[in-house]
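Quick notes on the structure that follows.
The model shown is predicted, which means the values in this text are computed figures rather than measured ones.
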Amino acid sequence: MPFGEVTITLVDVATLTGLAIDGDAVIVDIPDEDWSAMCLRLLGQAPTDLGGGVIRITWLRETFDELPLSASPETTEQFARAYALSLMGGVLFSDRSGGSVHLQYLLLVEDWRRAGRFAWGGAVLSYLYREMGRSALQMTASSSLGGDFGGWAALLMLWTWERFPHTSPLHAVTGAQITQDAVPRGIRWLPAQTRQHGDQFYLYKLWFDECTTFVVSI
């Protein structure tokens, strides 16, 4: 392999994940209203321990676990926003807290038509780069050999497997069939029987399914 520099590009994001790279910039505005009031307006309810606009992802998943069969259109939208907020805080724009998300992201899915015009792929890649940069600076300052970072780590994992196939766990799985024409392309790195090859594959499949569902829903 010739020596040089390689990095994740927008094309990689689009082909591996299916996230849009063309569209409006993902910009979060700080609302004029109180965080609790905004949460009630967009989700229909708010946690009692809401402080500084930060909400626990576990609360979102427990409170909006299952949409009632008789749910009204308004309730359906509230559940959809809660799911999207959980996905953004837990996967796409996760931070090092590992269990919370800021309510400012909720404004991105206040208007679903507007949300569908966002270049989500560009935002995800930018956020991941920022988090990796912060981690690298902290490692340099502390002379540490490792550091945590936020963002969608699965994107980095997928890109590594795509560009350096010999590093993929599937490389060591006997008889693994890697589909060449999978769409999005990241799916090609999932074994046909996900559960049979370890929990890490199953967990990744859940992440990928969540992300794909989010893209389709907007």
Side-chain angles (χ1 to χ4, degrees), residues 5-31 35 38 42 52-58 60-61 80-112 114-141 144 146-163 184-187 189 203-218:
E5 294 184 359
V6 292
T7 190
I8 308 173
T9 67
L10 286 173
V11 174
D12 290 323
V13 176
T15 56
L16 289 173
T17 71
L19 288 170
I21 58 174
D22 294 318
D24 298 340
V26 180
I27 300 175
V28 179
D29 299 320
I30 303 300
W35 290 116
M38 188 190 76
L42 297 179
V54 176
I55 192 170
R56 290 183 297 108
I57 294 177
T58 52
L60 287 171
R61 292 176 176 172
R81 291 192 186 102
Y83 174 79
L85 184 60
S86 174
L87 181 59
M88 285 187 279
V91 181
L92 302 180
F93 307 113
S94 63
D95 58 29
R96 281 170 287 181
S97 71
S100 61
V101 58
H102 202 284
L103 279 174
Q104 62 184 354
Y105 291 115
L106 189 57
L107 293 173
L108 295 174
V109 289
E110 178 178 6
D111 183 342
W112 290 106
R114 178 170 176 260
R117 296 194 297 268
F118 285 137
W120 293 101
V124 167
L125 182 59
S126 298
Y127 189 90
L128 179 60
Y129 271 137
R130 187 186 71 170
E131 288 296 311
M132 290 193 297
R134 286 179 174 177
S135 178
L137 290 175
Q138 289 178 352
M139 285 189 291
T140 301
S144 173
D148 296 331
F149 63 89
W152 193 19
L155 172 58
L156 179 60
M157 178 184 68
L158 273 180
W159 177 83
T160 302
W161 291 354
E162 184 75 16
R163 299 302 180 184
R185 192 171 174 82
I187 297 178
W189 294 109
L203 288 175
Y204 170 67
K205 185 179 186 301
L206 291 181
W207 294 342
F208 199 90
D209 286 348
E210 285 184 334
C211 184
T212 304
T213 303
F214 179 63
V215 175
V216 171
S217 68
I218 61 176

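From Met132, atom CE reaches atom CG of Leu156 across 5.5 Å, with rounding to the nearest 0.5 Å. Expressed to the nearest 0.5 Å, how far CG of Leu128 lies from CD1 of Ile8 amounts to 5.5 Å. Taking CD1 of Ile55 as the reference point, atom OG of Ser86 lies at 10.0 Å (rounded to 0.5 Å). Note: Leu42 CG to Leu103 CG = 9.0 Å, rounded to the nearest 0.5 Å. With values rounded to the nearest 0.5 angstrom, Leu125 atom CG is found 13.0 Å from Arg130 atom CZ. Here Arg61 contributes atom CZ and Leu87 contributes atom CG; the two are 8.5 Å apart, rounded to the nearest 0.5 Å.
Contact detail for Leu107 and Met38: the closest heavy-atom pair is CD2-SD, 3.4 Å. Minimum heavy-atom separation, Arg81 to Glu110: NH2-O, 3.1 Å. Heavy atoms only, all atoms of each residue included: Ala115 and Leu108 are closest at CB-O, 3.3 Å. Contact detail for Val54 and Ser100: the closest heavy-atom pair is CG1-CB, 3.5 Å. Closest heavy-atom contact between Gly23 and Ala119: N-CB, 3.9 Å.
Of the charged side-chain nitrogens involved, at least one lies within less than 4.0 Å of a carboxylate oxygen, so that Asp12 and Arg163 count as a salt-bridged pair.
Taking the six-membered ring where the residue is Trp, Tyr105 and Phe93 present parallel rings, their angle staying beneath 30° rather than reaching 60°.
Residues Leu19 and Val124 are in side-chain contact: their nearest non-hydrogen atoms beyond the backbone lie under 4.5 Å apart. Using a 4.5 Å cut-off on side-chain heavy atoms (C-beta onward), Met88 and Tyr83 make no contact. Between Ile21 and Trp120 there is no side-chain heavy-atom pair separated by less than 4.5 Å.
Each of Val26, Leu92, Asp95 was checked for a side chain to side chain contact (heavy atoms under 4.5 Å, CB included) with Tyr127, and the lone residue meeting it is Asp95.
In terms of modelled atom types and a separation under 3.5 Å, the side chain of His102 and the main chain of Gly52 share a donor-acceptor contact. At least one donor-acceptor pair under 3.5 Å links the side chain of Ser94 to the backbone N or O of Gly151. With hydrogens and angles disregarded, no donor-acceptor distance shorter than 3.5 Å links the side chain of Trp159 to the backbone of Thr9.
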